Amino acid sequence: VTPPQNKQERFLSRMALNDNKAGMEGLDRDKINKIIMESSKGSKFYENELKREQQVNRRIEKMMLQKAQITEQQLKKAQVQVEKTASVLEMSRDLSRVIVHVDMDAFYAAVEMRDCPELKDKPMAVGSMSMLSTSNYHARKYGVRAAMPGFIAKKLCPNLVIVSTNFDKYRAVSDEIREIFADYDPHFQPMSLDEAYLDFTDHLEQRQSWPESSRLSSFENLPQESALEETDLSPVLFEDSPNSSLGLLGSEGAAGDAFEVFGTSVEEAVREMRFRIEQKTRLTASAGIAPNTMLAKVCSDKNKPNGQYRLPSTREAVMDFIENLPVRKVCGIGKVSEKMLNALSISTCSHLGQQMALLSLLFSETSWHHFMEVSLGLGSTFIPRHEERKSMSTERTFRELSKAEEQFSLCRELCEDLAEDMKKEDLKAKTVTLKLKNVNFEVKTRALTLPYAVATVDEIFAVAKDLLKTEIENESPQPLRLRLMGVRVSAFVSLDDKKPLQKSIIGFLQPGKTESSGSSKDMHQNLEKENHSLQAVKSSTKANDNKNAASDVSENELVSPVEAHASTSGCGGTSSETLTCPVCFRRVETTDLNIFNSHIDHCLNDPTRKPNQSTASDSESDLDLENDHQESEVVHRRRGECEAEGEMSKNSEELSRDSPHEGQQSLKNSSVQKGPLIKGDSKDVTSQQPQSCNSKGPVLICPVCQLTQETDDLTVFNHHVDLCLNQQVLHELGGQTSSSRNPPAVKNINIRGKCVYYMKLFSTFSLNTNPILCTFSLCCMTALETRCEHNVGILSPFK
DNA sequence: ATACATACC
DNA sequence: TACTGGTATGTAT
């Protein structure tokens, strides 16, 4: 965090040594940087880095200009908003979870050292002369680190031994440590081969009541019988491994006491886990213990290698910890963000907090929200199950390749590899992206999204080839002088049989009826029929020289109902079952989602389509919905929140994509402000009693608690609603708190879980006619869709 | 939707 | 001689 020393460094922060990592404290930076510069200067790589550096500098200059134009008044106003947001965020602080981040020490290097004792005392790194993956701690003393090319590392440390990578070996070790992780948190999230987040909360609760014999002794393996006595929740004891290095944990463990057993505290549990890792793999891990992932990550680095650090779960401890924490240590703040922040004299997290008003004016909403969370020491308190992959790619670097013919055949090879990988996961993708890097290190990407999905080599290559051809033609008569080519696929369509869970939403729309997988299947079939006709239309109207891609279209892919609808508007469902519209509450005699969706569309845009019109009271006119802006505004509002929470953003995006965005009227016209939208325990929409609203101040009424909120800041208001919903859910579940004895019921109160509870809540209340509530409900459904991993897309018509 | 940039391991 | 490869996401258009 030392500011750049001299001119050269100021302009070459991209090249200079990054001593952010553990084991690199107190190095002679100047000397090391001098060597790095000497090795790099004049190279194409260096020139390109210089260029990019200047781009960043321009970006910073722009930002400073913007800063200079900010008035005191603007800043004051921003300060008020920022403080409001902060206080809301503060209320959402959850210190009840115990999150652990585990990280193997110099993983690849450690594996190689373990398997080759020769290397033990030598500076070594894993990788090649071109690029290193990691280095051991000995080598780090010379400034040799991951992501450094081997030839430069050799200059820094002529005795450096470079070992090439053995990924199969690392994967095998990774499997071993993951088995151990699973004993402490079956839902742990691996971040890479050597790293994972774990939620220890449940383990710790159970651990309290375990007899000593179920915990692990550091020096004595217990007889197998005692392990077998335990339920499957007990940690599995490791097998005897007499050669394992005893006493390595002595400094923190039970040196000298051969019978000591790991205790019940978090720290003891984590020590036990690390000890088991060491026993099993003869490799050491470090860990961080904290109330959220962001902090746990930083903590795991604190006592690296072979150490752990616990940050107590109190606000005070968290704030103290944050105080002098360099922003660069925080996950998500990299070289560029650091440099931009440094330009604003921000280097630590407390600076971040002090400058939030300014930051909110200079950075995007997502960015400053992240900064704000960081400055408050907030982070995710729950470990999401592993997300569906969003893209898959393969790329290769080589020495200059300029002949078009060779470029095409390389491109085909890449497609072959990619198709093979896709097959393993049964993926089909609609977007193909070609990546090119020329000998000057300039990177280009060219993408094409198809109306159909591709999976085979020929299909992918047909697209990639065209993209490549275009680039070659654009450059001709000069050849493309490439040093890298890559192909990526994304926008996967879900395969039919992989997504059986859609039924829950149908069930939701068929009150009183249990959802049947049959109806879900029908929908798929309907969609597929239309899909075929759509393909027919598209492929017949498109003059496409790309035979494979155009003709060999799969039967399985799904096209969104709205697209299908557009091409086959007359197509109807055949079933006589009904769905209940969440807007007007009328039954719609169809199971055809296209028809049903059109109906909902209509309802949302049509103010007369509210039930119980007659019960609308004097202020009904205030609830005017007579234009699309109203709805789009509400949707837009939700969208902002969804994105801020990192959840549902994709689907929310769909919701609002084609909404008129110019309709950004004041929320004062929105129904939120006018009156209670929900009667807390009532299913009867007639009990709605919209208040007349003459108040002039910024007042919104929470649809959950119905209390007046004195704010017009939507972020603030949304957070309030979120909190309210959570409290309602807790109440519904029997007044349990987060420290409840019944964690399964409430432990998932969090971004993802919350959505599910929203759902419950609204089922209880029944759906309301109010647009904002409908939007809530739709978000719920969206979230459920996401969670259920299916793709029928009941919301797609809102595109 | 596309391109490019940033970030992480 | 020589500066990666894979994935996700943010930013800008």
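Letters A, B, ... are given to chains in the order of the sequence lines, protein chains preceding strands, and every chain is numbered from 1. Reckoned from all heavy atoms, side chains included, excluding hydrogens, waters and symmetry mates. Here the structure is a predicted model, which is why all the values come from computation and not from measurement.
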Could you tell me the separation between the [atom1] atom of [X] and the [atom2] atom of [N], rounded to a whole number of Å?
| X | N | atom1 | atom2 | result |
| --- | --- | --- | --- | --- |
| A:Arg488 | B:dA5 | CZ | P | 13 Å |
| A:Glu53 | B:dT6 | CD | P | 10 Å |
| A:Arg446 | B:dT2 | CZ | C1' | 9 Å |
| A:Leu450 | B:dA1 | CG | P | 11 Å |
| A:Asp103 | B:dC8 | CG | C1' | 12 Å |
| A:Met191 | B:dA7 | CE | P | 16 Å |

Does one side chain, of A:Ser364 or A:Ser367, offer a donor that lies under 3.5 Å from an acceptor on the other?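 Their side chains do contain a donor-acceptor pair, which is all the 3.5 Å distance test asks for.
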Pairing residues for [X] by the salt bridge (charged side-chain N to carboxylate O under 4.0 Å, His left out) criterion, not counting sequence neighbours:
| X | value |
| --- | --- |
| A:Arg178 | none |
| A:Glu413 | A:Arg396 |
| A:Asp168 | A:Arg171 |
| A:Lys444 | A:Glu471 |

By the 4.0 Å heavy-atom rule, please label [X] as base, sugar-phosphate, or nothing.
| X | answer |
| --- | --- |
| A:Ser367 | sugar-phosphate |
| A:Leu193 | nothing |
| A:Met104 | nothing |
| A:Arg399 | nothing |
| A:Ser133 | nothing |
| A:Lys335 | sugar-phosphate |
| A:Thr394 | sugar-phosphate |
| A:Val489 | nothing |

Residue whose nearest DNA chain C nucleotide is more 5′ - A:Lys435 or A:Ser364: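 Result of the comparison: A:Lys435.
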Return whichever of A:Arg59 or A:Arg389 has its heavy-atom-nearest nucleotide of DNA chain C closer to the 5' end.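 On the 5' side of the pair lies A:Arg389.
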Any A:Arg52 side-chain N or O less than 4.0 Å from OP1/OP2 of B:dC4: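 Negative; the distance criterion is not met.
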Is any side-chain nitrogen or oxygen of A:Arg328 closer than 4.0 Å to OP1 or OP2 of B:dC8?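 So the side chain of A:Arg328 is within the cut-off, an N or O lying under 4.0 Å from OP1 or OP2 of B:dC8.
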Distance (rounded to the nearest 0.5 Å) between A:Ser39 OG and A:Leu156 CG: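 One finds 7.0 Å between OG of A:Ser39 and CG of A:Leu156.
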Taking only residues two or more places apart in sequence or in another chain, which ones pass ring-ring contact (aromatic ring centres under 6.0 Å, His included) with A:Phe371?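 A:Phe371 satisfies ring-ring contact (aromatic ring centres under 6.0 Å, His included) with A:Phe363 once adjacent residues are dropped.
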Of all nucleotides in DNA chain C with an atom under 4.0 Å from a non-hydrogen atom of chain A, which is the first and which the last going 5' to 3'?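 First-to-last contact on DNA chain C, by the 4.0 Å heavy-atom rule, is C:dA2 to C:dT11.
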Compare the minimum distances between each of B:dC9, B:dC8, B:dT2 and the side chain of A:Leu448, then state the nucleotide with the smallest one.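 The listed nucleotide nearest to A:Leu448's side chain is B:dT2.
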Taking B:dA5 as the reference, what is the distance to C:dT4 when you measure between their P atoms (whole Å, please)?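 One P to the other, the span is 16 Å.
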Using the six-membered ring wherever Trp is involved, compare the ring planes of A:Phe188 and A:Phe181 and label them parallel, tilted or perpendicular (cut-offs 30° and 60°).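 Answer is perpendicular, since the angle exceeds 60°.
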With the threshold set at under 4.0 Å for non-hydrogen atoms, list the residues of residues 145-168 of chain A touching DNA chain C in residue-number order.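 Correct list: A:Ala147, A:Pro149, A:Phe151, A:Ile152.
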Excluding sequence neighbours, so at least two apart, what forms side-chain hydrogen bond (donor to acceptor under 3.5 Å, both in side chains) with A:Lys423?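 A:Lys423 satisfies side-chain hydrogen bond (donor to acceptor under 3.5 Å, both in side chains) with no other residue.
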Quick one: which residue pairs count as a salt bridge (charged side-chain N to carboxylate O under 4.0 Å, His left out) with a foot in residues 480-489 of chain A, not counting sequence neighbours?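 Pairs touching residues 480-489 of chain A that pass the test: A:Glu400-A:Arg481.
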